[in-house]
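Below is one structure, written out as structure tokens; the observations come after it.
This structure is a prediction, so every number in the text was calculated from the model and none was measured. Order of listing sets the numbers, starting from 1, for every ligand and every atom in it. For reference, positions follow the sequence shown, starting with 1. These numbers come from the heavy atoms of this one structure, side chains and all, not from hydrogens, waters or symmetry mates.
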Amino acid sequence: MRDALGIVFGETSTHSFKVALADARRARRRDYVKVWHDVDGWVLCQIAGITRSDERFTEERVFEQHEGEPESGERVVAHVEVVGSRGQDGVLRVPTIPISPGEKVFRADPELIKETLGLVKGELYIGKLDGHDIEVRLDANSFVQRHCSILAMTGSGKSYTAGVIIEELLEQDVPLLIIDPHGEYSSLRHPSEEMGLEEFGVSPKGYGDKITVLTPASLSVNPEADGVLRLRGHSLGVQDIVRVLGESPTNTHVGILYEAISRLRAERDTYDLQDIIGEVAASESKAKWAVLALLEQIADSELFCGEATPIQSLLKRGRCTVISMVGVKPSVQPLVVSIVCTELLEARKLGLVPPGMVVVEEAHNFAPERGFAVAPSTDILRTIASEGRKFGLGLMVISQRPARVDKNVLSQCNTQIILRVTGRVDLQALAKGLEGMTSELVEDIKSLPMGTAIISSSSLERPIMVRICKRRTRHGGASVSIVGSKAKSPRRRRAKKPVEAVEDAPPGAHPPDAQPPRGGVLSKLFGTRR
Ligand SMILES: Nc1ncnc2c1ncn2[C@@H]1O[C@H](COP(=O)(O)OP(=O)(O)OP(=O)(O)O)[C@@H](O)[C@H]1O
Ligand SMILES: [Mg+2]
């Protein structure tokens, strides 16, 4: 039994069995192992748990006085779950006859793991299988067409992971549009200064030639931007305005708008938002004030001033447009998303823009779950989630509050990337939405180390744990230190001159020498019951 980790014993089934481990230090929970099967050949399995017991230290015996310890009475038992094996046809099979007791269990070799888990093909290099030097690659077409969600609590690495994927999509020239509430993604222009990229075989790279940052506000508010985003504001119809207003306006409000726009259309060929406001103001209805307040909100945002940005310029092959919401009122941001995404889907249906992907950060604000909030962009994001695949428009939704994101949107995301989540309600929401979710998996999600994610996708045979690749580009959402490392105790600080205790860098700024915490990577793999 030289290379074997242990031997199968006791009652076995087609899905699980127990192994007597020769050495407790050679195997860990979530390790992949292989065992020979008379019919199916080598079968990939995963250690779901390990127990240790020692007859010298049973409950009874620890209370007994006894002289001299027996040499060793330790038993180490691994509880193993069967993943399966691929036949000549490449289809994964779980054995129909249980594994034979007495079979030796060995560490699984990388080729067997890759082949069995479905990690062999795929253009998007996301990271490495936790505990192994095995690259995890996802199929780009299926990833984009069938949508993706990245969910975790704040500071767990969602935007970092999204950055890694965006870089990979840019490498494949996939057209991208990013809705960026915090101005974190303009840093995709700059190469990373982080350490440890070589571990993943990537090198620093900036995508300055591929990124265009647009601001719906003005360049003075957001000097990081390359230009302004302006929406078509002339000759808006009632439906256009209703869509922008989001919260379904009452019939009376729609009536006021209808009358105002009908009058304008009868008088002239084109009109703008100010003309509509003028007409609504002239209405005799008392309900006009509510409509005016909403219209003023839209007018204030400058969104409809000047020439509209051509929709074709937002989604282009090999390019990424970032709509940075810095300086844009939170109430206006969903309006922008609503209009841009609606026009984009229409343009895609007409073939005016190439197939691509829309990335929505802080998705709970743009597609909130019913009962938590209402946003004008929810409908169009739902539509893209349910119909986008047919038209080649993919969605990547990112949120720190899985429970607060519209279920219709989340349920359509075929690739789910989950980083650390501890909140009970959010874990429950994940448990409902993730295929193959077990109580062990929920426990794993609560304790995921920084930079490690659970990825579930139809192109993978089962959820896997992945150490996310390092970014080639600079991460724009690095945590801002609150207390400087030089900070001393309050008493001593008062005695001396004040030190720079608080760094007030803006959220998007990246301290040049900032190093992300290198979360200790557990060399563990995880398992789920099928
Ligand atoms: N895979 C990783 N490797 C190294 N550092 C990482 C990794 N993932 C995240 N970090 C670091 O962790 C910090 C937080 O990451 P990130 O900004 O992605 O969090 P987030 O989940 O998007 O948070 P929020 O919800 O607040 O936006 C950053 O400083 C980042 O550099
Ligand atoms: Mg983030």
Side-chain angles (χ1 to χ4, degrees), residues 124-130 135-136 148-168 178-188 190-202 204 322-326 330 333 359-366 396-405 416-423 426 430 445-446 448-455 464-483 485 503 505-522:
L124 308 179
Y125 172 36
I126 306 294
K128 292 196 175 180
L129 194 65
D130 195 26
E135 290 188 357
V136 174
C148 161
S149 61
I150 304 181
L151 306 170
M153 57 197 275
T154 180
S156 301
K158 297 180 297 295
S159 308
Y160 191 101
T161 305
V164 169
I165 298 172
I166 289 165
E167 290 164 10
E168 286 296 301
I178 304 177
I179 307 297
D180 179 12
H182 304 302
E184 289 171 276
Y185 288 88
S186 48
S187 67
L188 283 161
H190 310 294
S192 165
E193 290 142 6
E194 202 183 344
M195 309 288 275
L197 272 68
E198 58 290 343
E199 183 197 343
F200 290 90
V202 292
V322 179
I323 299 184
S324 167
M325 298 290 189
V326 172
Q333 294 182 17
V359 179
V360 184
E361 261 280 2
E362 309 285 358
H364 48 277
N365 292 331
F366 299 104
M396 185 194 295
V397 290
I398 304 165
S399 176
Q400 50 184 265
R401 297 307 314 270
R404 296 200 175 188
V405 185
Q416 290 147 328
I417 302 181
I418 298 170
L419 296 119
R420 191 156 179 254
V421 176
T422 53
D426 288 323
L430 286 177
I445 291 172
K446 281 199 230 168
L448 281 171
M450 170 67 82
T452 304
I454 285 172
I455 303 187
I464 52 170
M465 200 177 265
V466 178
R467 271 182 308 128
I468 298 295
C469 187
K470 291 284 178 195
R471 281 188 61 165
R472 295 185 171 99
T473 59
R474 189 188 291 172
H475 175 48
S479 307
V480 174
S481 304
I482 305 298
V483 180
S485 55
E503 291 173 16
H510 177 88
D513 55 350
Q515 294 301 323
R518 301 207 49 193
V521 175
L522 297 182

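E167 and R471 are joined by a salt bridge, as a carboxylate oxygen and a charged side-chain nitrogen come within less than 4.0 angstrom of each other.
A distance of 11.0 Å separates CD1 of I418 from CD1 of I150, quoted to the nearest 0.5 Å. If you take CD1 on I323 and CD1 on I179, they are separated by 4.5 Å, rounding to the nearest 0.5 Å.
Side-chain contact between Q400 and E362 is present, with at least one heavy-atom pair separated by less than 4.5 Å. By the 4.5 Å heavy-atom criterion applied to side chains, E361 and M325 are not counted as neighbours. Proximity of S186 to V322: side-chain heavy atoms (C-beta onward) are nowhere separated by under 4.5 Å.
Residue G157 has at least one heavy-atom neighbour below 4.0 Å for each of these atoms of ligand 1: 8 (N), 9 (C), 15 (O), 16 (P), 18 (O), 19 (O), 20 (P), 21 (O). Of all atoms in ligand 1, numbered sequentially from 1 with element shown, those under 4.0 Å from a heavy atom of G451 are 1 (N), 2 (C).
Of the options L188, I166, V164, a side-chain contact (heavy atoms from CB on, under 4.5 Å) to T473 is made by L188 and by none of the others.
In terms of polar-atom proximity, defined here as any N/O pair under 3.5 Å, K158 does make such a contact with ligand 1. Between E361 and ligand 1, not a single N/O pair is under 3.5 Å apart. Residue C469 has no N or O atom closer than 3.5 Å to an N or O atom of ligand 1. Close N/O approach between Q400 and ligand 1 is found [any backbone or side-chain N/O within under 3.5 Å].
Evaluation of the side chain to side chain donor-acceptor pair (under 3.5 Å) rule for R401 yields D426 as partners, not counting sequence neighbours.
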Checklist entry - Hey, mind stepping through S149 and Q416 against side-chain contact (heavy atoms from CB on, under 4.5 Å) and telling me if it holds? => result CA-CA 5 Å; S149 61; Q416 290 147 328; 3.5 Å; yes
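Taking 4.0 Å as the cut-off, G155 counts as a neighbour of ligand 1 on heavy-atom distance. The shortest heavy-atom distance from M153 to ligand 1 is under 4.0 Å. Ligand 1 has E194 within reach: a non-hydrogen atom of the residue lies less than 4.0 Å from it.
The set of protein atoms (N, O or S) found at less than 2.8 Å from the Mg ion (ligand 2) reads S159 OG, by chain and number.
The heavy-atom pair separating S192 from P204 by the smallest distance is O-CB, 3.5 Å. The nearest pair of heavy atoms linking Q333 to P181 is OE1-CB, 4.0 Å. Across all non-hydrogen atoms, the minimal contact from K158 to S399 is CD-O, 3.2 Å.
Contacts between H475 and ligand 1 below 4.0 angstrom, taking non-hydrogen atoms only, involve the side chain exclusively. When non-hydrogen atoms are compared, ligand 1 lies under 4.0 Å from neither the backbone nor the side chain of H182.
In the candidate list L151, T154, V466, T154 is nearest to atom 26 (O) of ligand 1, counting heavy atoms. Counting only non-hydrogen atoms, the option in R471, M450, K470 that gets closest to atom 4 (C) of ligand 1 is K470.
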